[in-house]
Amino acid sequence: VLTANGNPEEAIEKDNQSLLICSPLKDTITMVRNYFNLGIAYNEIQKFDTSLTYLLKALEGAEQMNYNYLIIQCYNQLGSTHRKLENHDKSIEYHRKVLYNPVMDVDWERSYAYYGLAFNYYSLKDFDKAIAFADTGLLIAYKVNVKYDIQELTELLSIVHAEKGDYKKA
């Protein structure tokens with residue numbers, strides 16, 4: 001919540017405090033959520049290597065507990081962080097894991113995964129794939145009314161169409 005409100009440094013402090021309390025209690029689920037939150041917060045302040053470290057710790061813990069929703073959240077955040085590092089192949093791999101997860105089919109996460117894939121393909125100058133993934137993500141985002149994804153996907157589609165020279169669709 002603190003990261004979403006523009007306070008990633010405070011979020012880092014609070015999650016680290018929580019880890020100090022949860023660790024001796026062996027409160028694994030809270031610890032794993034803290035690792036996930038730390039991964040997001042470090043991503044926000046562009047400390048991507050630290051972000052990846054915490055996200056991978058969260059993923060490992062989530063997998064050990066079969067916490068499937070957190071697993072797909074980790075995949076999306078790992079994909080996002082790798083995209084920011086311009087590791088497009090790795091980013092695409094993680095976002096695809098969200099789409100092909102046989103246990104969890106969560107539209108909220110799927111629309112974000114499609115955005116991640118679209119952005120990667122835009123960065124790789126594969127505009128047709130970028131548009132296809134963005135269009136699919138946008139349909140899902142509208143279905144579940146995820147305003148953030150709707151905004152991001154719409155903006156991305158506008159940029160991609162302009163890059164292609166299709167100003168009517170941009």
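The figures that follow rest on heavy atoms only: side chains count, while hydrogens, waters and symmetry mates do not.
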- NZ of Lys26: more than 12 outside heavy atoms within 6.0 angstrom? no
- After noting the C-alpha distance and the side-chain angles of Lys14 and Asn16, does the key distance pass the side-chain hydrogen bond (donor to acceptor under 3.5 Å, both in side chains) rule? CA-CA 5 Å; Lys14 297 289 184 192; Asn16 279 323; over 6 Å; no
- Query: Which residues satisfy the salt bridge (charged side-chain N to carboxylate O under 4.0 Å, His left out) test with Asp49, sequence neighbours excluded?
  - Reply: none
- Grab the two heavy atoms, one from Thr28 and one from Met65, that are nearest each other, plus how far apart they are. CG2-SD, 3.8 Å
- Atom of Ser158, atom of Ala170 and distance for their closest heavy-atom approach: OG-O, 2.8 Å
- Message: I'd like to know if the side chain of Ser80 and the backbone of Asn76 have a donor-acceptor N/O pair within less than 3.5 Å.
- Response: no
- Exam field: side chain Ser51 to backbone Lys47, donor-acceptor pair closer than 3.5 Å: no
- Minimum side-chain heavy-atom gap Asn101-Tyr75 below 4.5 Å: yes
- Side chains of His82 and His88: closer than 4.5 Å at any heavy-atom pair? no
- Query: Angle class for the Tyr112/Tyr115 ring planes (parallel below 30°, perpendicular above 60°, tilted otherwise)?
  - Reply: tilted
- Message: Please give me the minimum heavy-atom distance between Thr30 and Cys22, naming the atom from each residue.
- Response: CG2-SG, 3.3 Å
- Query: Do side-chain atoms of Ser91 reach the backbone of Gly79 as a donor and acceptor pair under 3.5 angstrom?
  - Reply: yes
- Item | salt_bridge(Glu93, Lys90) N-O dist < 4.0 Å | yes
- Between Glu109 and Val98, the two heavy atoms sitting closest are O-CG1, 3.8 Å
- More than 12 heavy atoms of other residues, nucleotides or ligands under 6.0 Å from CG of Asp89: is that the case? no
- Query: Checking Thr81 side chain against Leu78 main chain: does a donor-acceptor pair fall under 3.5 Å?
  - Reply: no
- Item | ILVMFWY cluster, Ile29 and Ile21 together (side-chain gap under 4.5 Å) | no
- Item | Validation row: Asp149, Val144 side chains within 4.5 angstrom (heavy atoms) | no
- Task: Please report the C-alpha distance between Lys97 and Ile72 in whole Å, then the side-chain angles of each, then the deciding distance to 0.1 Å, and finally whether the side-chain contact (heavy atoms from CB on, under 4.5 Å) criterion is met.
- Result: CA-CA 7 Å; Lys97 285 182 178 192; Ile72 63 171; over 6 Å; no
- Heavy-atom distance under 4.5 Å between the side chains of Phe119 and Glu152, does that happen here? no
- Message: More than 12 heavy atoms of other residues, nucleotides or ligands under 6.0 Å from NZ of Lys84: yes or no?
- Response: yes
- Query: Roughly how far apart are Tyr148 OH and Leu153 CG, rounded to 0.5 Å?
  - Reply: 10.0 Å
- Between the side chains of Glu155 and Gln151, is a donor N or O closer than 3.5 angstrom to an acceptor N or O? yes
- Does Lys164 come within less than 4.0 Å of Asp128, counting only side-chain N to carboxylate O? yes
- Message: His161: which residues meet the side-chain hydrogen bond (donor to acceptor under 3.5 Å, both in side chains) condition with it, sequence neighbours left out?
- Response: none
- Task: Answer whether the closest heavy-atom distance between the side chains of Asn145 and Lys147 falls below 4.5 Å.
- Result: yes
- Task: With Ser18 as reference, evaluate Asn37, Asn34, Asp27 under the side chain to side chain contact (heavy atoms under 4.5 Å, CB included) test and give the passing residue.
- Result: Asn34
- Task: Apply the test side-chain contact (heavy atoms from CB on, under 4.5 Å) to residues Ile45 and Ile12: give CA-CA distance (whole Å), side-chain angles for both, the deciding distance (0.1 Å), then the verdict.
- Result: CA-CA 10 Å; Ile45 60 172; Ile12 289 167; 3.8 Å; yes
- Query: Just checking, is any N or O donor in the side chain of His95 or Asn120 under 3.5 Å from an acceptor N or O on the other one?
  - Reply: no
- Query: Stepwise, does the side-chain contact (heavy atoms from CB on, under 4.5 Å) test hold for Ile92 with Leu124?
  - Reply: CA-CA 11 Å; Ile92 289 167; Leu124 294 169; 4.1 Å; yes
- If you look only at pairs with a residue in residues 28-66, which of them pass as a ring-ring contact (aromatic ring centres under 6.0 Å, His included), with sequence neighbours excluded? Tyr42-Tyr54
- Task: Mark yes or no for whether Thr154, through its side chain, and Ile150, through its backbone, hold a donor-acceptor pair below 3.5 Å.
- Result: yes
- Message: I need the minimum non-hydrogen distance between Leu19 and Pro24, along with the two atoms involved.
- Response: O-CD, 4.5 Å
